[in-house]
Each structure stands twice: as C-alpha cells, then as structure tokens.
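Report on one structure; see the data block that follows.
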Amino acid sequence: MSAPTTPSPRPDPRAATALHAKLDAALRNAIIRALGDTGASADPTLKPATQARFGDFQANFAMGLAKSLGRNPRELAEQILSAGASLLDPLCEKLEVAGPGFVNITLRGSIIADALHEMDTPALGVPAPGRGRCVAVDLCGVNVAKQLHVGHLRASIIGDSMARLHERLGWTVFRQNHLGDWGLPIAMTLASLERAGANLSRLTLDDLNHAYRRAQAEGRDDEAGLAAARETQAGPHRIAELEAQHAGASALLTQTHETLRRLQGGDPSTVAAWKSLIAVTMREVFETAATLGVILDDTHSRGESFFRDQLAPTVDAFVQAGLAERDQGALIVRFRDRERPLLIQKSDGTSLYATTDLAAARYRIAQLGAERVIYCVDARQRDHFRDVFDAIHAIGWDRLPHGGTAQLIHVPFGAVLGADKRPLKTRSGENFTLKALLDEAVARGRREVHARAQQPDAPTAGLPHAELDAIGQAVGIAAIKYADLSGDVSRDYVFDLDRMVSFEGDTGPYAQYAHARIAGILAKAGGPSTAAPLQVSTAEERALALMLLRYASTVQDAAEQCAPNRLAAFIFELANAFNAFYQSCPVIKEADPSLRASRLRLCDLTRRVIADALSLLGITAPARM
Ligand code: ARG
C-alpha cells in the first residue's frame with residue numbers, strides 16, 4: 001500500500017450543513033490514511049442519524065469498501081477510525097461501529113455550539129449563491145375580465161414563495177404575471193359591454209365577469225342543439241327557433257371578430273376600452289394579492305398582449321429553422337418521441353397560447369437573462385409546457401447571452417377540492433371566488449384570536465380590538481398559505497378550513513404560535529444576551545441545535561427543487577424540537593446564569609429562524625398570539 005500523500009478529497013456537495021461537510025472531510029481523510037490511494041475515491045456516505053439514540057450521524061462506507069477489498073467490514077471500520085483518530089477526535093465525542101459495520105457518530109457539544117455561533121448572523125447562515133444570477137418566476141396568470149378563482153390562489157402563493165426563496169439566496173428575481181389579456185375572450189367581453197352600452201369607467205370585476213359569461217352564453221353556437229332537434233324530429237317551431245338563435249349567434253360572432261380586429265389594429269377607442277377592462281381586473285387582483293401578502297403589482301404584468309408583436313417573428317423563426325411544418329393550413333412543430341404536435345399558428349393565420357409562451361420564454365432568457373424560468377401553473381397544463389419547453393430547446397432559445405443554457409421548469413400544482421373531493425364549489429354550485437375564501441379564512445382567524453384573548457392569562461389578553469383583528473387576519477392568511485405550501489404542490493388537496501386554522505398539528509397557526517411563544521419568553525426574560533457563549537449539553541439542546549444548523553441547506557434545497565413543502569416541513573420539525581427543548585430545559589428559571597443566557601440565545605436563534613422561514617413562504621409571524 002502506498003504511503004498517504006497530502007490528501008485532498010473532494011467534499012460531498014450534498015453535505016447538508018457546514019458541520020456535515022467538516023465531518024465528511026475528516027472521514028474521507030481517515031479512509032485515505034488507512035487505505036492510501038485505494039481509498040482516494042471512497043465516499044463516507046454520511047447521513048444524519050435516523051434516531052437520536054444512535055448519535056447525530058451515521059456513516060455507511062465500511063460495507064461497500066470491505067466488499068471490494070474482500071475484508072471484514074467491522075474490522076475495516078475500526079481500522080479507518082483509528083487511522084483517522086487525530087482528525088475525528090476533535091469533532092466527535094463518540095464513534096461506534098455497530099451492526100454489520102455502520103459507524104454511529106456523536107459530535108462534541110462544543111463543535112455544535114461553534115457551528116451555531118457561526119450561523120448566528122443576520123443571514124442565519126444562508127449563503128447567496130444566486131448573486132449575479134437571474135430567475136424569472138411565472139406566477140398568478142389571471143385572465144382579464146374573469147373572476148379570480150382558487151387556482152389563481154395557488155399560482156400566486158406558490159409563485160410568490162418561489163420568488164422569495166430565490167431572493168433570499170441572492171438571485172435577481174423577475175416576477176412575471178402572464179396575464180390572459182389578449183385575444184378572443186377579451187374581444188367577446190368588450191363587444192358584449194359595447195352592446196349593453198356600459199360605462200366602462202364604473203365597472204367592477206364582477207360586472208366584467210358577467211359580461212364575459214353573457215357573451216359566452218349569447219355566442220354559444222347552438223348548432224349541436226339544432227342537429228339534435230332535427231334528429232329527434234322536433235316540431236318546425238322549435239327548429240325555426242333554434243335556427244334564429246344560431247343566426248343570432250353568428251351575428252354576434254361577426255361582431256366579436258370585428259371588435260378583435262379593431263383592438264388588434266390599434267383603434268384608439270377600442271384600445272382605451274380594453275385598457276379599462278385590464279385596469280378594473282388588476283385593481284381587484286392587486287387588492288387580493290395585498291390581502292394575501294403576495295408581492296405583485298403593475299411592474300410584474302407581462303401579459304400576452306406584451307408579446308403581440310413577437311408572435312409573427314416567433315412563427316417565422318420556427319419556419320426558418322425548419323422546425324415548423326404545414327398541416328392542413330396550420331403550422332405545427334413535431335416531436336420525435338410523441339404523436340402530439342405543438343400548434344403554433346392556426347389555419348386562419350392567428351397564433352395561439354403556445355405561440356405567446358414561446359415568445360415569452362425567449363424574452364425571459366434573452367432579454368431578462370434568466371437562467372431559470374419557473375412556471376407556477378396548473379398541472380393540467382403539463383403537456384403544454386412539455387411541448388413549449390421542447391420547442392424552445394429545439395430552436396436553441398434556451399441559450400443564455402453569456403453562455404450556458406437556461407433551465408425551464410414547470411411547477412405543476414394540483415386542484416383545491418371540497419369535502420366531497422370534488423373541485424371546490426359554493427352551495428349554489430359555482431366555483432368559489434378567491435375573495436370569498438379569503439374573507440372566510442380571515443373571519444375564522446379573527447374568531448380564534450379573539451376567543452383566546454378572553455382567557456385572563458393569554459399573552460393577548462387586553463389588547464385593543466383592532467390589534468386582535470390584525471393578528472386574526474395574519475392567522476387566517478397563514479392558515480391558507482401554509483396549507484397550500486406544506487404538501488407536495490403537485491397534489492390535489494382538500495380545503496378544510498377547520499384543520500387549516502387549528503393551532504395544533506402541521507399548520508400555519510401552529511408555526512406562528514411557536515414563534516409568538518418564544519417571543520413571549522424572550523420578552524419576559526428581558527431579551528437574549530447575544531454575547532453569551534452557547535452551550536449544547538442536553539439531548540434536547542442538541543436536537544434543536546442540529547435542526548437549526550440544517551436551515552441553510554433546507555432553504556437551498558427548497559429553491560433548487562422548487563419544493564416549498566420542504567421548508568414547511570422544516571418549520572414544523574423545528575417548532576417540535578423547540579417545544580421538546582422547552583419542556584425539558586428550564587430557561588427563565590435556570591439558576592446557572594451562563595446556562596440561562598445560552599438557552600435564551602438558543603430561543604432567540606430559533607425565533608429568528610422560524611420568522612425567516614415563514615417569511616420565505618410569505619407568512620408573517622406576529623409577536624403575540
Ligand atoms: N392565463 C393562463 C390560464 O389561466 C395561465 C398563464 C400561465 N402562464 C403561462 N406562461 N402560460 O390558464
């Protein structure tokens with residue numbers, strides 16, 4: 001065996017924490033010391049322990065290595081640990097070979113305390129790998145003149161948290177609200193309002209919504225009914241009636257197309273009317289976003305209309321590149337691995353939703369310089385995005401201005417269901433509007449907070465009514481957002497307000513309450529003493545500290561994987577770890593002043609991490625509840 005050269009093994013890129021990385025490096029070096037070059041590429045396979053009684057970490061390298069060397073794994077593990085003793089001893093309190101050759105590792109409390117001290121900065125140990133990099137987040141995506149529905153809740157909440165996560169990691173974030181503000185539906189609504197002689201400056205979104213529905217109903221071609229009537233040999237009166245309806249519908253359609261032509265041709269009065277429809281819609285959208293605590297305003301609007309001049313050049317580019325072919329007058333892009341083509345121009349020469357998305361993706365990458373484009377859109381649009389992304393790759397529009405290729409990511413989200421497991425409906429059978437849902441959640445949050453404030457020993461007892469209302473609002477909104485973000489977002493979930501507003505279990509209010517409780521402890525103790533040395537001695541302190549140390553990697557993981565639920569799960573576990581700590585470790589009543597100070601610092605760090613993590617989900621953390 002060759003003598004160990006100065007070992008420089010690569011650190012594990014998946015190392016969850018700085019501490020994990022340190023331990024990983026020590027183990028790598030120990031393996032090299034024991035085995036020389038043979039061990040140079042060995043992976044310590046270090047993982048957090050599955051159970052606290054086995055220690056803090058477990059390393060499973062011995063089994064694989066022993067197999068390839070034809071040796072006994074337990075003996076090999078012992079040999080490596082003793083060869084690396086001088087590297088491992090400063091980090092580890094206990095190293096134990098168990099079972100077939102696992103290494104159970106318990107870190108020294110002082111090492112954990114040092115790492116915790118290092119993370120105790122305003123950034124809470126979260127790095128900024130996104131500095132100098134751009135990401136575009138496609139969120140909200142409402143359609144002008146249509147009422148906001150529950151689906152837009154998800155597109156806004158999930159998109160907002162993706163934006164916040166990336167901002168926290170230093171990325172420059174472009175929120176892109178891809179409004180449905182162009183094309184036939186808008187023209188239908190406009191034409192219908194024109195017919196009704198409506199005063200556009202006085203309209204609400206509800207009025208627009210009705211106009212849209214009316215237009216849909218009026219315009220519904222009754223051809224099917226007509227055919228059925230003929231088939232069933234309905235009376236001549238009925239057929240004549242349907243024929244008249246059909247003719248009427250056709251006339252309306254002509255009128256709608258005329259409005260669309262004027263709009264697209266830039267006729268000033270039609271364009272002005274169109275702009276007021278957008279203004280009416282957006283006023284309500286922004287109001288709702290503000291209630292929800294979703295960051296969204298005019299500067300984020302990049303609707304379909306924004307790309308209208310890019311549609312023809314987009315189609316041309318695909319034709320020029322030989323990627324589009326004629327199919328019965330229409331233009332399509334074909335893919336090698338599937339039947340379904342992507343339609344980019346209809347036979348009448350008009351373009352489609354997909355054409356706009358191609359132009360928008362190009363803009364985001366080439367103009368905004370986004371190296372990630374994250375689409376927070378309904379799972380039912382999976383095929384659409386798959387096709388659009390593949391078309392973008394095929395034409396090479398994913399190439400970044402300064403080299404490399406952009407990542408296009410669809411974050412598909414599931415439906416929000418009622419108790420009957422069907423898409424959420426009101427009693428009268430209509431889809432729930434977002435506003436109705438939020439109003440109810442806020443009312444529930446307020447009721448809960450006011451009821452708690454009645455108890456004489458409640459931290460909120462005696463607070464002014466308006467302040468309790470504000471806390472209640474924060475609770476109601478947290479309930480909705482947390483429920484939306486804490487599951488795998490691609491899944492459907494049941495909208496169960498009782499569960500969501502509960503202060504118990506994996507809920508937003510539970511996390512908020514943990515934060516408020518700690519804030520209360522700190523206030524009572526007269527605040528944390530930031531200079532006090534940290535001590536990690538009891539099992540609960542250790543568990544809490546190791547949890548806190550995972551914060552930075554959790555934020556990175558949630559952003560990287562576009563999985564806000566990973567952050568929510570972390571918050572829940574952290575709140576639980578804190579509760580276990582607080583139950584067994586006296587804080588305010590601790591007699592030893594240095595231990596008391598250390599524990600107060602642990603409390604404060606936990607409070608700040610919970611508040612920060614909640615803020616990345618767009619959830620506020622009131623100081624009292
Ligand atoms: N307006 C679309 C809809 O309601 C959503 C837009 C999503 N974003 C996009 N780039 N296609 O279905």
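Along the sequence shown, residues carry numbers from 1. Small disclaimer: the values here were computed from a predicted structure and weren't measured.
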Could you tell me whether the side chain of [X] and the main chain of [Y] form a donor-acceptor pair under 3.5 Å?
| X | Y | answer |
| --- | --- | --- |
| Arg175 | Ile295 | yes |
| Thr507 | Ser502 | yes |
| Thr45 | Ala59 | no |
| Arg608 | Thr121 | yes |
| Gln583 | Asn579 | no |
| His300 | Asp297 | yes |
| Thr554 | Phe570 | no |

Under a 3.5 Å cutoff, is there a donor and acceptor pairing between the side chains of [X] and [Y]?
| X | Y | value |
| --- | --- | --- |
| Arg372 | Gln407 | yes |
| Ser41 | Arg28 | no |
| Glu540 | Ser584 | yes |
| Arg550 | His20 | no |
| Arg599 | Gln535 | no |
| Ser82 | Glu78 | no |
| Ser490 | Asp488 | yes |
| Gln473 | Arg446 | yes |

Are [X] and [Y] close enough that some pair of their side-chain heavy atoms sits under 4.5 Å apart?
| X | Y | answer |
| --- | --- | --- |
| Gln58 | Val103 | no |
| Asn104 | Asp56 | no |
| Ile112 | Leu546 | yes |
| Val126 | Leu169 | yes |
| Val137 | Phe174 | no |
| Val494 | Val416 | no |
| Leu46 | Phe61 | no |
| Pro564 | Met162 | yes |

Closest non-hydrogen atom pair between [X] and [Y], with its separation:
| X | Y | value |
| --- | --- | --- |
| Ala370 | Leu400 | O-CD2, 3.3 Å |
| Ala123 | Arg168 | O-NH2, 2.8 Å |
| Asp604 | Pro528 | CG-CG, 3.6 Å |
| Leu534 | His117 | CD1-N, 3.8 Å |
| Ile518 | Ile610 | CD1-CD1, 4.2 Å |
| Ala479 | Met500 | CB-O, 3.2 Å |

Near Arg596 CZ, under 6.0 Å, is it more than 12 heavy atoms from other residues, nucleotides or ligands?
->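 More than 12 within 6.0 Å, yes.
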Arg108, CZ: over 12 other non-hydrogen atoms inside 6.0 angstrom |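 Yes, enclosed.
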Sole candidate of Leu91, Leu23, Leu116, Val536 that passes side-chain contact (heavy atoms from CB on, under 4.5 Å) when paired with Ile111 |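 That would be Leu91.
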So how far is it from [X] [atom1] to [Y] [atom2], rounded to the nearest 0.5 Å?
| X | Y | atom1 | atom2 | value |
| --- | --- | --- | --- | --- |
| Leu602 | Phe578 | CG | CZ | 8.0 Å |
| Glu118 | Leu549 | CD | CG | 9.5 Å |
| Lys481 | Ser486 | NZ | OG | 13.5 Å |
| Asp484 | Tyr482 | CG | OH | 12.5 Å |

Carboxylate-amine/guanidinium contact Glu371 Arg364, below 4.0 Å =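 A salt bridge is absent here (no side-chain N lies under 4.0 Å from a carboxylate O).
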Using a strict 4.0 Å threshold on nitrogen-to-oxygen distance, state whether Arg302 and Asp138 make a salt bridge.
->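 No.
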Passes side chain to side chain contact (heavy atoms under 4.5 Å, CB included), Thr172 versus Val135? Steps please.
-> CA-CA 6 Å; Thr172 298; Val135 56; over 6 Å; no
Apply side chain to side chain contact (heavy atoms under 4.5 Å, CB included) to the pair Val411 and Ile158, showing each step before the final yes or no.
-> CA-CA 9 Å; Val411 179; Ile158 297 166; 4.3 Å; yes
Test the Arg452-Phe503 pair against the cation-pi criterion, namely NZ or CZ under 6.0 angstrom from the six-membered ring centroid and within 45° of the ring axis.
->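 Cation-pi check for Arg452 and Phe503: passes.
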